[in-house]
A.B. asks: 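I'd like to ask you about the structure that follows.
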Amino acid sequence: MVLPHNLCSHIQNAFRARHQHIAVNHSTQNLAILSILLRAGFLSNVTRGTVAAPSPDEFHTVNDSQKRIWADLNKPIFMDLSEIRRLCTGRRVQNVKPLRMGEIAIVKTKDRENEWLEAREALQLRLPGEVICRAR
């Protein structure tokens with residue numbers, strides 16, 4: 001049996017590498033952990049499938065060694081201006097911890113001229129967007 005911390009490090013590494021999907025071995029332990037992460041909002045989808053692809057129909061036709069649980073990691077965090085303001089002033093927004101002293105957040109906006117901005121710049125220009133990453 002695979003230890004739970006192996007699954008957690010696999011998910012964390014996939015998030016850091018900005019993968020959109022991961023496939024993990026099918027077990028009740030993995031399914032339970034992924035379900036908790038789905039309910040908490042860290043995953044956008046969890047489905048059963050095979051080694052090749054997420055396919056609930058094929059899941060029932062393959063043997064146990066080919067069964068996988070697929071999780072969609074691409075959970076974009078879009079913020080309006082009030083949420084960006086709260087993030088910049090030290091308050092938690094959605095599942096994002098507040099920015100600390102000396103820390104920045106990168107925001108991708110829909111404005112062609114100012115597509116990539118630091119969160120405080122986006123706030124000054126009144127442009128909402130997707131929070132991509134944070135850095136110290």
Side-chain angles (χ1 to χ4, degrees):
M1 172 171 253
V2 177
L3 297 173
H5 66 269
N6 288 343
L7 172 64
C8 293
S9 67
H10 181 68
I11 294 169
Q12 187 177 37
N13 290 339
F15 264 115
R16 287 181 177 163
R18 298 192 62 80
H19 291 285
Q20 291 186 358
H21 315 284
I22 61 166
V24 297
N25 290 331
H26 185 270
S27 69
T28 54
Q29 171 186 285
N30 288 348
L31 185 59
I33 292 170
L34 291 173
S35 296
I36 291 168
L37 292 171
L38 177 67
R39 285 194 308 269
F42 292 104
L43 303 175
S44 58
N45 187 30
V46 173
T47 187
R48 291 182 167 144
T50 65
V51 174
S55 174
D57 296 331
E58 292 180 25
F59 176 81
H60 299 291
T61 62
V62 298
N63 60 19
D64 287 346
S65 66
Q66 299 289 311
K67 292 182 178 182
R68 296 290 184 270
I69 304 170
W70 287 78
D72 292 342
L73 305 177
N74 191 7
K75 175 102 176 163
I77 301 172
F78 292 99
M79 292 189 186
D80 60 25
L81 289 175
S82 66
E83 291 173 322
I84 293 174
R85 180 177 289 111
R86 288 199 324 249
L87 179 71
C88 292
T89 56
R91 289 175 282 179
R92 179 183 281 276
V93 181
Q94 297 177 27
N95 284 329
V96 180
K97 292 180 183 177
L99 294 179
R100 295 183 294 189
M101 191 67 110
E103 199 170 28
I104 65 166
I106 306 297
V107 178
K108 181 180 181 186
T109 68
K110 293 184 178 179
D111 184 45
R112 284 200 172 270
E113 200 170 304
N114 298 300
E115 187 175 9
W116 296 94
L117 297 168
E118 197 274 327
R120 290 168 185 89
E121 293 172 339
L123 193 56
Q124 286 176 342
L125 295 173
R126 307 183 72 70
L127 294 171
E130 178 185 0
V131 176
I132 301 295
C133 68
R134 59 192 304 146
R136 295 188 232 187

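Keep in mind that the numbers below use all heavy atoms, side chains included, and drop hydrogens, waters and symmetry copies.
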A.B. asks: Ignoring hydrogens and angles, tell me if any N or O in the side chain of N13 forms a donor-acceptor pair with the backbone of S9 under 3.5 Å.
C.D. replies: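 Looks like yes, one N/O pair under 3.5 Å.
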A.B. asks: Begin with the C-alpha distance, continue with both residues' side-chain angles, and end with the deciding distance and a verdict on side chain to side chain contact (heavy atoms under 4.5 Å, CB included) for V62 and K67.
C.D. replies: CA-CA 7 Å; V62 298; K67 292 182 178 182; 3.9 Å; yes
A.B. asks: Please check if I104 and V107 belong to a single hydrophobic cluster, counting links between Ile, Leu, Val, Met, Phe, Trp and Tyr side chain heavy atoms closer than 4.5 Å.
C.D. replies: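 Unlinked, I104 and V107 end up in two clusters.
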A.B. asks: Nearest 0.5 Å please: distance from the CD atom of Q94 over to the CZ atom of R86.
C.D. replies: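 Going from CD on Q94 over to CZ on R86, the span is 8.5 Å.
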A.B. asks: Closest heavy-atom contact between G49 and F59?
C.D. replies: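 Distance-wise, the nearest heavy atoms are O-CD1, 3.3 Å.
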A.B. asks: Where the side chain of E118 meets the backbone of R120, is there a donor-acceptor pair that is under 3.5 Å apart?
C.D. replies: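 A pair under 3.5 Å: yes.
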A.B. asks: Can you see whether S82 engages D80 through a side-chain donor-acceptor pair at a distance of less than 3.5 angstrom?
C.D. replies: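 Side chains of S82 and D80: pair found under 3.5 Å.
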A.B. asks: Show the nearest heavy-atom pair for residues A14 and I22, with the distance to one decimal.
C.D. replies: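 What the structure gives for the nearest pair is CB-CG2, 3.3 Å.
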A.B. asks: Distance-only, no hydrogens or angles: does the Q66 side chain make a donor-acceptor pair with backbone N or O of T61 under 3.5 Å?
C.D. replies: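 Such a contact is absent between Q66 side chain and T61 backbone.
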A.B. asks: Under 4.5 Å between side-chain heavy atoms, counting indirect links through other Ile/Leu/Val/Met/Phe/Trp/Tyr residues: same cluster for I36 and L31 or not?
C.D. replies: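 In one cluster: no.
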A.B. asks: Hey, any chance F15 and V46 share a hydrophobic cluster, counting ILVMFWY side chains that come within less than 4.5 Å of each other, even indirectly?
C.D. replies: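 F15 clusters together with V46.
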A.B. asks: Any chance you could measure S35, atom OG, to N30, atom CG, to the nearest 0.5 Å?
C.D. replies: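 Answer for the OG-CG pair, S35 versus N30, is 10.5 Å.
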A.B. asks: Looking only at heavy atoms, what is the nearest atom pair of T47 and P56, with distance?
C.D. replies: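 Closest pair (atom of T47, atom of P56, distance): OG1-CG, 3.5 Å.
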A.B. asks: Please tell me whether V24 and F42 are part of a single hydrophobic cluster in this structure, the criterion being side-chain heavy atoms less than 4.5 Å apart.
C.D. replies: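 V24 clusters together with F42.
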A.B. asks: Supply the atom-to-atom distance W116 CH2 to K108 NZ, rounded to the nearest 0.5 angstrom.
C.D. replies: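 Rounded to the nearest 0.5 Å, the CH2-NZ separation comes to 5.0 Å.
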A.B. asks: Please indicate whether R92 has more than 12 foreign heavy atoms, meaning atoms of other residues, nucleotides or ligands, lying under 6.0 Å from its CZ.
C.D. replies: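 Yes - once you tally the heavy atoms of other residues, nucleotides and ligands closer than 6.0 Å, there are more than 12.
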A.B. asks: Only pairs under 3.5 Å count here: list side-chain donor-acceptor contacts from residues 122-136, not counting sequence neighbours, and write none if there are none.
C.D. replies:
| residue | atom | partner | partner atom | Å |
| --- | --- | --- | --- | --- |
| R134 | NE | E103 | OE2 | 3.1 |
| R134 | NH1 | K97 | O | 2.9 |
| R134 | NH2 | K97 | O | 3.4 |
| R134 | NH2 | P98 | O | 2.9 |
| R134 | NH2 | E103 | OE1 | 3.0 |

A.B. asks: Identify, with sequence neighbours excluded, every residue that meets side chain to side chain donor-acceptor pair (under 3.5 Å) alongside N114.
C.D. replies: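 Partners of N114 by the side chain to side chain donor-acceptor pair (under 3.5 Å) criterion, ordered by chain and then number, come out as D111.
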A.B. asks: Check A119 against I84 and note the closest heavy-atom contact, atom names and distance.
C.D. replies: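 That closest heavy-atom pairing would be O-CG2, 3.6 Å.
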A.B. asks: For the atom pair CG (L43) and CG (L38), what is the distance rounded to the nearest 0.5 Å?
C.D. replies: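 Rounded to the nearest 0.5 Å, the CG-CG separation comes to 6.0 Å.
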A.B. asks: Could you pull out the closest heavy-atom pair between F78 and E83, with the gap in Å?
C.D. replies: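 F78 and E83 have their closest heavy atoms at O-OE1, 3.7 Å.
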A.B. asks: Same hydrophobic cluster for L73 and I33, using side-chain heavy-atom links shorter than 4.5 Å among ILVMFWY?
C.D. replies: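 Yes; tracing contacts between hydrophobic side chains, which count when under 4.5 Å, links both residues.
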A.B. asks: Atom CZ of R91 and atom OG1 of T89: how far apart are they, to the nearest 0.5 Å?
C.D. replies: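 If I round to the nearest 0.5 Å, the distance is 3.5 Å.
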A.B. asks: Would you say L34 and I11 make side-chain contact, with heavy atoms under 4.5 Å?
C.D. replies: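 Yes, at least one pair of side-chain atoms sits under 4.5 Å.
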A.B. asks: Mark yes or no for whether N45, through its side chain, and D72, through its backbone, hold a donor-acceptor pair below 3.5 Å.
C.D. replies: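 Judged by distance alone, no pair lies under 3.5 Å.
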A.B. asks: What's the verdict on side-chain hydrogen bond (donor to acceptor under 3.5 Å, both in side chains) for S65 and N63, showing C-alpha distance, side-chain angles and the deciding distance?
C.D. replies: CA-CA 6 Å; S65 66; N63 60 19; 3.1 Å; yes
